[in-house]
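Have a look at the structure below before the remarks.
Each chain gets a letter, A, B and so on, in the order its sequence line appears, and its residues count up from 1. Heavy atoms only: backbone and side chains are in, while hydrogens, waters and symmetry mates are out.
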Number of protein chains: 2
Amino acid sequence: MPKIVDHEARRRLIADALLRIASRDGLDAVSLREVAAEAGVSMGMVQHYFATKDQMLMFALTQLNARIGERVAGAMDAPSPRAFLRAAILELLPLDDERRSESRIGLAYLARSVVADELADLLRQALPYVIGFYAEQIRAAQELGQVHADLDPRIEAVILYTMAQGLVNPALIGHLSPEDVAATVDYHLDRLFLTSG
Amino acid sequence: MPKIVDHEARRRLIADALLRIASRDGLDAVSLREVAAEAGVSMGMVQHYFATKDQMLMFALTQLNARIGERVAGAMDAPSPRAFLRAAILELLPLDDERRSESRIGLAYLARSVVADELADLLRQALPYVIGFYAEQIRAAQELGQVHADLDPRIEAVILYTMAQGLVNPALIGHLSPEDVAATVDYHLDRLFLTSG
DNA sequence: CATTTTACGATGCGGGTGCATTGTAATCGC
DNA sequence: GCGATTACAATGCACCCGCATCGTAAAATG
């Protein structure tokens, strides 16, 4: 075996370049040549690490998901279900430059999932996990007496998730400020929880 | 002046073809040639009625918005604020083939608005109108004693809108059935309103 | 009837696309 | 040292893109 290189590191290098382009100019602007240029490598190298453009796009998304997932996991030591839910949701919203960038990319992939089957499959698999997680927290809060017992954790979780997703675009195009977004989330949590802890 | 033709009818013919392609294969699949073929006309004719592709895309969107707007207006004679809000929101969700198609197109345009300024402008203008409408209904319901007086109509309207928007993708990729979607909306309205009328 | 204006249809151009092919330098096992 | 394998770089190909250009048929106007 020749020329020892870190295969995964190269793939991440390329995927990062792709995500920068997607954030800046949209998924439409992502081409093999553009990605190669952004990463500062040759087009041949991009092709060497990804057989097709679709594979590259999928890998970049898993890369992005992993990045976000780590941050959410970092909030898991929150002192209460409410604090954790708040942190987890705000992590998905475009409140600063980093998350704004991620939201732009995420929205592009979301739209693409409508016509790209493998992408839809991935989201279909991820959704129950995320919503289930929210539901679990709400259920835990109910047992702690922090949420009314007669609320449906499953549906409340769906509403929480969909509200967050729906907030993305109004925030991105500037209709809602970061403060508006945070206030809306807190307002909703105030209605869901009995205590502010 | 020669050859009497209905200018607007031709533009609608072309825009309808564009929307069919966008619904079927996404906005990426929309090209002058493809639109011309779908409409059964020559590419020269498409160019005759739209100077640029962007103008064509924008016109098609206003066409779509008008179509949806008419349906929402048709629900305005609902017997109560709650009934109207329910109808207006369900009108935006992919509960049948027609609205499923519209949702697919709408999501594609929504994602595009992140990188297309004129599109973002259009949405930025439309948002206050839609949300304001919801807020008005909630305020009216408060005066009728059908909604708790200490709720914020503006924020409740934002949550209502964002929840609806967030429901679109899970519904489109099949994570939520049409029944799930309707049940989620009704659940949320049950929490918002004091009466089920 | 002539002129002008509109409504197209056909074609071409420069540029970008994903992907295949080819060549080559480097490093391993032997 | 040597064949084999890996890691690229360079180039080419067939196709598609938006848009401009050119030609022409038809109808209203004088």
Side-chain angles (χ1 to χ4, degrees), chain A residues 1-61 108-109 111-113 115-119, chain B residues 1-22 24-61 108-109 111-112 115-119:
Chain A
M1 292 173 186
K3 222 184 197 175
I4 159 175
V5 293
D6 188 336
H7 204 77
E8 279 307 302
R10 289 266 202 253
R11 285 168 71 94
R12 273 185 271 114
L13 175 82
I14 294 170
D16 282 349
L18 188 156
L19 293 176
R20 283 198 300 275
I21 297 169
S23 166
R24 192 194 319 131
D25 304 316
L27 274 184
D28 291 359
V30 172
S31 71
L32 297 184
R33 286 160 182 81
E34 196 70 26
V35 169
E38 174 75 25
V41 302
S42 76
M43 190 176 145
M45 179 168 153
V46 173
Q47 283 187 277
H48 181 68
Y49 287 101
F50 296 100
T52 68
K53 184 185 173 182
D54 270 338
Q55 287 181 23
M56 184 172 64
L57 284 168
M58 291 298 281
F59 179 83
L61 178 59
Y109 272 101
R112 194 179 153 82
S113 76
V115 287
D117 284 345
E118 52 181 354
L119 203 46
Chain B
M1 292 175 187
K3 225 185 195 176
I4 159 174
V5 292
D6 188 336
H7 204 78
E8 279 307 303
R10 289 264 201 254
R11 286 168 70 95
R12 273 185 271 114
L13 174 82
I14 294 169
D16 282 349
L18 189 157
L19 294 176
R20 282 198 300 275
I21 297 169
R24 191 194 320 131
D25 304 316
L27 273 185
D28 291 0
V30 172
S31 71
L32 297 186
R33 287 162 181 81
E34 196 69 26
V35 170
E38 174 75 25
V41 301
S42 78
M43 190 177 145
M45 178 168 154
V46 174
Q47 283 188 276
H48 181 69
Y49 286 101
F50 296 101
T52 69
K53 184 186 172 181
D54 270 338
Q55 287 181 24
M56 184 171 64
L57 284 168
M58 291 297 281
F59 179 83
L61 179 60
Y109 272 101
R112 194 179 153 82
V115 287
D117 284 345
E118 52 181 356
L119 204 45

Legend entry - Any B:Ser31 side-chain N or O less than 4.0 Å from OP1/OP2 of D:dC16: no

Legend entry - Rounded distance (Å) that lies between atom C1' of C:dC8 and atom CZ of B:Phe50: 15 Å

Inset, instruction - Compare the minimum distances between each of C:dG12, D:dA10, D:dC8 and the side chain of A:Tyr49, then state the nucleotide with the smallest one. - result: D:dC8

Inset, instruction - Starting at atom CD of B:Gln47, determine the distance to atom P of D:dG18, rounded to an integer number of angstrom. - result: 10 Å

Legend entry - Separation of C:dA10 C1' from B:Met45 CE (nearest whole Å): 16 Å

Inset, instruction - Using atom CD1 of B:Ile14 as one end and atom C1' of D:dG18 as the other, report the distance to the nearest whole Å. - result: 15 Å

Inset, instruction - By nearest nucleotide on DNA chain C, pick out whichever of B:His48 and A:Asp54 is the more 5' one. - result: B:His48

Inset, instruction - Could you please spell out the steps behind the salt bridge (Lys or Arg N to Asp or Glu O under 4.0 Å) verdict for B:Glu38 and B:Arg33? - result: CA-CA 9 Å; B:Glu38 174 75 25; B:Arg33 287 162 181 81; over 6 Å; no

Inset, instruction - Go through residues 37-44 of chain A and report each residue with a non-hydrogen atom lying under 4.0 Å from DNA chain D, sorted by number. - result: A:Ser42, A:Gly44

Inset, instruction - With the side chain counted from C-beta on, respond yes when B:Leu32 and B:Glu34 share a heavy-atom pair under 4.5 Å apart, and no when they do not. - result: no

Legend entry - Minimum heavy-atom distance A:Ala108-B:Ala111, with the two atoms named: CA-CB, 4.3 Å

Inset, instruction - Take the protein atom CG of B:Leu57 and the nucleotide atom C1' of D:dC17, then report the distance between them rounded to whole Å. - result: 14 Å

Inset, instruction - Taking the side chain as every heavy atom from C-beta outward, state whether B:Leu13 and B:Val41 have any atom pair closer than 4.5 Å. - result: yes

Legend entry - Separation between OG of A:Ser31 and CG of A:Leu18, rounded to the nearest 0.5 Å: 9.5 Å

Inset, instruction - Give one of base, sugar-phosphate or nothing for A:Val30, where a contact means two heavy atoms less than 4.0 Å apart. - result: sugar-phosphate

Inset, instruction - Quick one: label B:Val35 by what it contacts on the DNA or RNA (base, sugar-phosphate, nothing), any heavy atom closer than 4.0 Å. - result: nothing

Legend entry - Among D:dC19, C:dC8, C:dA20, the one nearest B:Lys53 by side-chain distance: D:dC19

Legend entry - Considering all heavy atoms, the nearest A:Tyr109-A:Leu57 contact: OH-O, 2.8 Å

Legend entry - A:Phe50 side chain reached by A:Val35 side chain, heavy atoms, under 4.5 Å: no

Inset, instruction - Could you tell me the separation between the CD atom of A:Gln55 and the P atom of C:dG18, rounded to a whole number of Å? - result: 14 Å

Legend entry - Out of D:dA10, D:dC8, C:dG12, whichever nucleotide has its closest atom nearest the side chain of B:Arg33: C:dG12

Legend entry - N or O in side chain of A:Arg10 less than 4.0 angstrom from D:dC8 OP1/OP2: yes

Inset, instruction - Take atom CG of B:Leu32 and atom C1' of C:dG12, then tell me their distance rounded to the nearest Å. - result: 15 Å

Legend entry - Protein-nucleotide distance (A:Asp28, atom CG; D:dG18, atom P), rounded to Å: 12 Å

